[in-house]
Amino acid sequence: MSILSFRDVSLRYPPRPGSRAAGNDRLVLDGINLQVASNELVAIIGRSGSGKTSLLNLAAGFIAPTSGTIAVDGVPIPGPGADRAVVFQDDALYPWLDARDNVAFPLKLKGMPRATRQARAQQLLELVGLGDAGDHHVWELSGGMRQRVGIARALAAEPRFLLLDEPLGALDALTRTRMQEFLLRIQARSGAGAVLITHSIDEALILASRVLVLSPHPGRLTAEIEAGFSAEILAGAATEKVKASPLFKRLHDGLTSLIHSLPNEEAAA
Ligand SMILES: Nc1ncnc2c1ncn2[C@@H]1O[C@H](COP(=O)(O)OP(=O)(O)OP(=O)(O)O)[C@@H](O)[C@H]1O
Ligand SMILES: [Mg+2]
């Protein structure tokens with residue numbers, strides 16, 4: 001079991017050129033404390049601009065915090081690493097590679113011989129239900145298929161943590177619902193912990209065992225609720241039935257009013 005932790009993490013970006021606040025750095029995240037274990041899926045919800053992607057970029061090691069520490073098993077992360085894989089909102093696949101080579105790419109970086117990495121990539125494609133699509137070009141795949149290739153690629157390096165930034169945000173409602181169940185099962189099977197950024201309260205409640213609310217200006221984690229619905233779905237309960245339960249509705253309403261009661265983005269900017 002691994003733990004990804006944020007301790008008293010704050011992040012400032014330099015001021016936008018020409019802004020009235022020129023000279024003042026902008027505090028985007030303030031005092032973030034967070035622990036995610038490698039057997040759980042934690043969702044973070046918050047309004048646009050509250051700092052969700054910034055938080056994920058910190059966890060990935062793409063950017064460094066202004067203060068505080070981000071660590072895996074107590075060891076501060078030095079930057080990006082194969083132990084933390086990112087899935088972006090847009091699939092971010094390499095268009096010049098076919099689906100299988102996209103999945104195999106992290107294995108190439110690891111120096112795995114071509115035949116071995118191709119075989120491993122094929123296994124991963126089968127895991128995400130795309131065993132027949134390995135030779136397809138990226139532009140021949142639907143949005144949902146592309147996201148599945150992106151998830152297979154993220155799993156290729158056997159990360160301890162999956163960092164998911166609105167991975168289903170660009171999909172139509174029907175595909176999104178199907179992909180939510182898919183993501184739930186894949187994450188449970190992979191044994192990797194996951195941080196899921198989402199705008200959707202439904203999605204957060206269905207997929208996560210804990211839902212954290214990031215309030216804006218500056219981004220602070222202001223609420224945490226436990227949700228057991230993912231365990232019910234993994235045990236065979238129908239998602240629609242779970243969503244219709246009084247407890248789901250109560251938590252959904254609670255989170256909705258919490259997010260709407262947060263300070264208005266424009267007013268607080
Ligand atoms: N690289 C950067 N340099 C300067 N400012 C940035 C940078 N990235 C983000 N910001 C600013 O930080 C704030 C938080 O942005 P971030 O992208 O983390 O929000 P978000 O919650 O992911 O929003 P969304 O839901 O729209 O994706 C915004 O005001 C944004 O303009
Ligand atoms: Mg974002």
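Residue indices begin at 1 and follow the sequence shown.
- In this structure, Tyr94 and Trp96 have tilted ring planes: the angle between them lies in the 30° to 60° band.
- Judged by distance alone, with hydrogens and angles left aside, the side-chain atoms of Thr66 form a donor-acceptor pair with the main-chain N or O of Arg12 at under 3.5 Å.
- The distance from atom OG of Ser209 to atom CG of Asn39, rounded to the nearest 0.5 Å, is 8.0 Å.
- Closest non-hydrogen pair, Leu184 versus Ser230, comes out as CD1-CB, 3.6 Å.
- A perpendicular orientation is assigned to the rings of Phe229 and Phe248, their planes being inclined by more than 60° (bins at 30° and 60°).
- Following chains of ILVMFWY side-chain contacts shorter than 4.5 Å, one can reach Val195 starting from Ile63, so the two form part of one hydrophobic cluster.
- Here the side chains of Val138 and Leu97 are not in contact, with every heavy-atom distance at 4.5 Å or above.
- Within 6.0 Å of atom NZ in Lys243, more than 12 heavy atoms from other residues, nucleotides or ligands are found, so the atom counts as buried in its surroundings.
- Atom-to-atom distance recorded for Leu207:CG and Ile233:CD1 is 7.5 Å, nearest 0.5 angstrom.
- By the criterion of side-chain heavy atoms lying less than 4.5 angstrom apart, applied directly or through intervening Ile, Leu, Val, Met, Phe, Trp or Tyr residues, Leu234 is grouped together with Leu205 in one hydrophobic cluster.
- Looking at Gln180 and Thr239, their side chains never bring a donor and an acceptor atom within 3.5 Å of each other.
- When only modelled atom types and interatomic distance are considered, Glu126 and Gln122 share a side-chain donor-acceptor pair under 3.5 Å.
- The number of heavy-atom neighbours closer than 6.0 Å to CG of Asp172, taken from other residues, nucleotides and ligands shown, is above 12.
- Closest approach of Asn102 and Arg153 over heavy atoms only: O-CD, 3.1 Å.
- Follow the hydrophobic side-chain contacts under 4.5 Å out from Leu141 and you reach Leu171 in the same cluster.
- In this structure the side chain of Leu164 never reaches within 4.5 angstrom of the side chain of Gln187, judged on heavy atoms.
- No side-chain heavy atom of Leu221 sits under 4.5 Å from any side-chain heavy atom of Asn33.
- Summarising the geometry of Pro167 relative to Leu183, their closest heavy-atom pair is CG-CD2, 4.3 Å, with the distance given to 0.1 Å.
- If you take OG on Ser200 and NE2 on His252, they are separated by 6.5 Å, rounding to the nearest 0.5 Å.
- Asp135 pairs by the salt bridge (charged side-chain N to carboxylate O under 4.0 Å, His left out) definition with Arg100, not counting sequence neighbours.
- Within the 3.5 Å criterion, the main-chain N or O of Met112 finds a donor-acceptor partner in the side chain of Arg117.
- When each of Gln35, Glu226, Glu40 is paired with Arg210, the side-chain hydrogen bond (donor to acceptor under 3.5 Å, both in side chains) condition holds for Glu40 and for no other.
- The one candidate from Ile77, Thr53, Leu163, Ile70 that meets the side-chain contact (heavy atoms from CB on, under 4.5 Å) condition with Leu58 is Ile70.
- In the displayed structure, Arg185 atom CZ is contacted under 6.0 Å by more than 12 heavy atoms of other residues, nucleotides or ligands.
- Using a 4.5 Å cut-off between side-chain heavy atoms of Ile, Leu, Val, Met, Phe, Trp and Tyr, with links allowed through other members, Leu107 and Val128 fall into different hydrophobic clusters.
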- Item | Trace of the side chain to side chain contact (heavy atoms under 4.5 Å, CB included) decision for Ile45 with Val211 | CA-CA 7 Å; Ile45 54 174; Val211 180; 4.0 Å; yes
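- Follow the hydrophobic side-chain contacts under 4.5 Å out from Ile3 and you never reach Val42; the two are in separate clusters.
- Closest approach of Leu168 to Gln147, counting heavy atoms only: N-NE2, 4.5 Å.
- Each of Arg84, Lys110, Arg120 was evaluated against Glu158; a single residue qualifies, Arg120, per the salt bridge (charged side-chain N to carboxylate O under 4.0 Å, His left out) test.
- Each of Asp8, Leu29, Leu55, Val9 was compared with Pro65 under the side-chain contact (heavy atoms from CB on, under 4.5 Å) criterion, and only Val9 meets it.
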